[in-house]
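Right, one structure below, let's go through it.
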Number of protein chains: 2
Amino acid sequence: MLQVSRKFEYGLHAVTYLATKGLGRVVTVKEMADEMGFSQEFLSKAMQSLKRAGIAASVQGVKGGYRLGKAPEEITVADIAIAIEGEPHLVRCGVKADRCEIFSSCHHRGYMNILQHKIQALLDETTIHTLLKEIER
Amino acid sequence: MLQVSRKFEYGLHAVTYLATKGLGRVVTVKEMADEMGFSQEFLSKAMQSLKRAGIAASVQGVKGGYRLGKAPEEITVADIAIAIEGEPHLVRCGVKADRCEIFSSCHHRGYMNILQHKIQALLDETTIHTLLKEIER
DNA sequence: TTAAATAGGACTATTTTAAACCTATTACCC
DNA sequence: GGGTAATAGGTTTAAAATAGTCCTATTTAA
């Protein structure tokens with residue numbers, strides 16, 4: 001419970017990599033995967049998700065690769081999480097047709113939703129910029 | 001990512017059930033499972049976890065069942081989560097021998113740990129008592 | 001002594017996550 | 001133009017986690 005996925009971890013590492021070692025150039029998935037010891041194919045999926053969300057930008061073809069699509073100040077951890085994992089749902093209730101047996105009488109949905117928004121707010125208050133500053137120290 | 005398990009949901013429902021409809025008596029798993037439409041066997045596992053944590057108390061034998069093991073003011077959502085899911089680990093790093101390829105040079109562990117503690121604090125600040133008060137409104 | 005309950009180990013099924021595979025497309029460079 | 005190194009993305013497979021079932025033992029009221 002309450003654990004982030006590896007894909008998210010890969011994505012977060014990739015973003016900080018681009019923000020520190022990818023300045024003024026594009027970086028290949030191969031370079032990042034080698035450097036960080038990740039699966040190249042799998043990291044590639046994460047990069048594609050980040051690209052679709054505008055967090056990364058890509059250049060195709062030989063000499064291609066990725067760079068950040070926004071300034072580190074404008075990318076939050078929440079952005080990365082949503083890009084890779086989709087909108088968060090702490091509980092299943094109410095997602096599409098998924099309502100449990102006691103949906104109508106359920107007492108917790110309200111609380112769980114508030115909780116989810118608070119967690120989301122935590123992820124939202126850290127940008128890559130502030131994350132990197134903390135690391136420097 | 002970041003979704004609670006059904007076992008936790010079952011457990012939370014069971015605890016609020018005991019706190020509202022289980023006053024001055026013991027409640028069987030069968031009653032709760034029927035009332036809430038859950039699997040009796042599975043809810044039973046959750047109750048056993050809650051019992052081991054002291055959140056619920058049990059009476060064995062015919063006429064047996066469960067009641068709360070503490071006052072609703074003394075049970076937090078975090079207590080229930082830990083009883084059922086064990087200690088939370090937002091990331092896998094450092095749990096037992098599980099260190100990823102870049103453990104020694106990893107930049108995020110510190111941040112993720114802080115994040116985890118903040119989430120934990122959110123779960124810790126809601127007791128069953130306050131949860132029920134919110135529901136009443 | 002029977003029956004209704006919890007206790008808990010072992011197993012199975014389902015779902016999710018992680019990873020690999022494969023083909024297409026893009027664009028640099030010779 | 002052809003070869004090659006890269007992203008793009010769909011499909012499939014493998015592994016792990018979750019959810020649920022099954023079975024047996026123990027407890028205790030009647």
Side-chain angles (χ1 to χ4, degrees), chain A residues 1-11 13-14 18 22 25-34 36-53 55-67 69 81 83-86 88-89 91-92 95-96 98 100-101, chain B residues 1-11 14 18 22 25-34 37-53 55-67 69 81 83-86 88-89 91-92 95-96 98 100-101:
Chain A
M1 144 174 188
L2 290 186
Q3 189 170 53
V4 302
S5 68
R6 264 194 207 284
K7 201 170 173 185
F8 166 78
E9 290 184 35
Y10 283 16
H13 271 107
L18 291 179
R25 64 177 183 124
V26 295
V27 180
T28 64
V29 169
K30 186 173 188 313
E31 174 182 335
M32 290 192 282
D34 284 351
M36 305 190 288
F38 297 158
S39 147
Q40 188 174 329
E41 296 262 25
F42 194 52
L43 176 58
S44 170
K45 297 294 185 192
M47 293 314 300
Q48 288 172 28
S49 298
L50 292 173
K51 193 228 155 175
R52 278 183 220 110
I55 294 167
S58 70
V59 174
Q60 288 193 322
V62 182
K63 300 277 172 183
Y66 290 95
R67 55 185 165 71
I84 289 183
E85 309 279 347
H89 299 288
V91 289
R92 279 149 269 248
V95 181
K96 290 193 214 160
D98 195 346
C100 72
E101 302 79 0
Chain B
M1 147 176 186
L2 290 184
Q3 189 169 55
V4 301
S5 68
R6 266 195 205 283
K7 201 170 172 185
F8 167 79
E9 291 184 34
Y10 284 15
L18 291 179
R25 63 178 182 123
V26 295
V27 179
T28 64
V29 169
K30 185 173 188 315
E31 174 182 335
M32 290 192 282
D34 285 351
F38 297 156
S39 147
Q40 186 175 331
E41 297 262 26
F42 195 52
L43 176 59
S44 169
K45 297 294 184 191
M47 293 313 301
Q48 287 172 27
S49 298
L50 292 173
K51 193 228 155 175
R52 279 184 220 108
I55 294 168
S58 69
V59 174
Q60 289 194 319
V62 182
K63 299 276 174 187
Y66 290 95
R67 55 184 165 72
I84 289 182
E85 310 279 346
H89 299 289
V91 288
R92 279 149 270 246
V95 181
K96 290 193 215 161
D98 195 347
C100 72
E101 302 79 359

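On a predicted model such as this, the values are computed, not experimentally measured, just so you know. Chain letters run A, B, ... following the sequence lines, proteins first and then strands; every chain starts at 1.
Listed pair A/Arg67 / D/dT7 fails the phosphate criterion, with no side-chain N or O lying under 4.0 Å from OP1 or OP2. Residue B/Ser39 places at least one side-chain N or O closer than 4.0 Å to OP1 or OP2 of D/dT21. Phosphate proximity of C/dA18 to A/Tyr10: absent, as no side-chain N or O sits under 4.0 Å from OP1 or OP2. The phosphate of C/dT14 (OP1 or OP2) has no side-chain N or O of B/Arg6 nearer than 4.0 angstrom.
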Working for side-chain contact (heavy atoms from CB on, under 4.5 Å), residues A/Arg25 and A/Arg67: CA-CA 7 Å; A/Arg25 64 177 183 124; A/Arg67 55 185 165 71; over 6 Å; no
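Spacing between atom CD of A/Glu9 and atom C1' of C/dT17 amounts to 13 Å, rounded to whole angstrom units. As rounded to whole Å, 12 Å separates atom C1' of C/dT14 from atom CZ of B/Phe42. The distance between atom CZ of A/Arg25 and atom C1' of D/dA6, rounded to the nearest whole Å, is 15 Å. Between the NE2 atom of A/His89 and the P atom of C/dT15 there is a distance of 18 Å, given to the nearest Å. Rounded to a whole Å, the CZ atom of B/Arg92 is 10 Å from the P atom of C/dT17. The interatomic distance linking A/Ile84 (CD1) with C/dT16 (P) rounds to 19 Å, in whole Å. Atom-to-atom, CD of A/Glu31 to P of D/dA5 comes out at 16 Å; the value is rounded to the nearest Å. Atom-to-atom, CG of A/Leu43 to P of C/dA19 comes out at 11 Å; the value is rounded to the nearest Å.
The shortest heavy-atom contact between A/Gly22 and A/Val27 is CA-CG2, 3.7 Å.
In this structure, NZ on A/Lys7 lies 9.5 Å from CG on A/Leu50, to the nearest 0.5 angstrom.
Although no hydrogens or angles enter the test, the distance criterion places no donor-acceptor pair under 3.5 Å between the side chain of A/Gln40 and the main chain of A/Ala33.
Side-chain contact between A/Met32 and A/His13 is absent, with no heavy atoms from C-beta onward closer than 4.5 Å. The shortest side-chain heavy-atom distance between B/Arg6 and B/Leu43 does not fall under the 4.5 Å cut-off.
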Contact letters for nucleotides 3-11 of chain C, in which S counts primed atoms plus P, OP1 and OP2 and B counts the base, heavy atoms under 4.0 Å: BBSBBBBB-
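By the 30° and 60° cut-offs, the orientation of the rings of B/Tyr10 relative to B/Phe38 is parallel.
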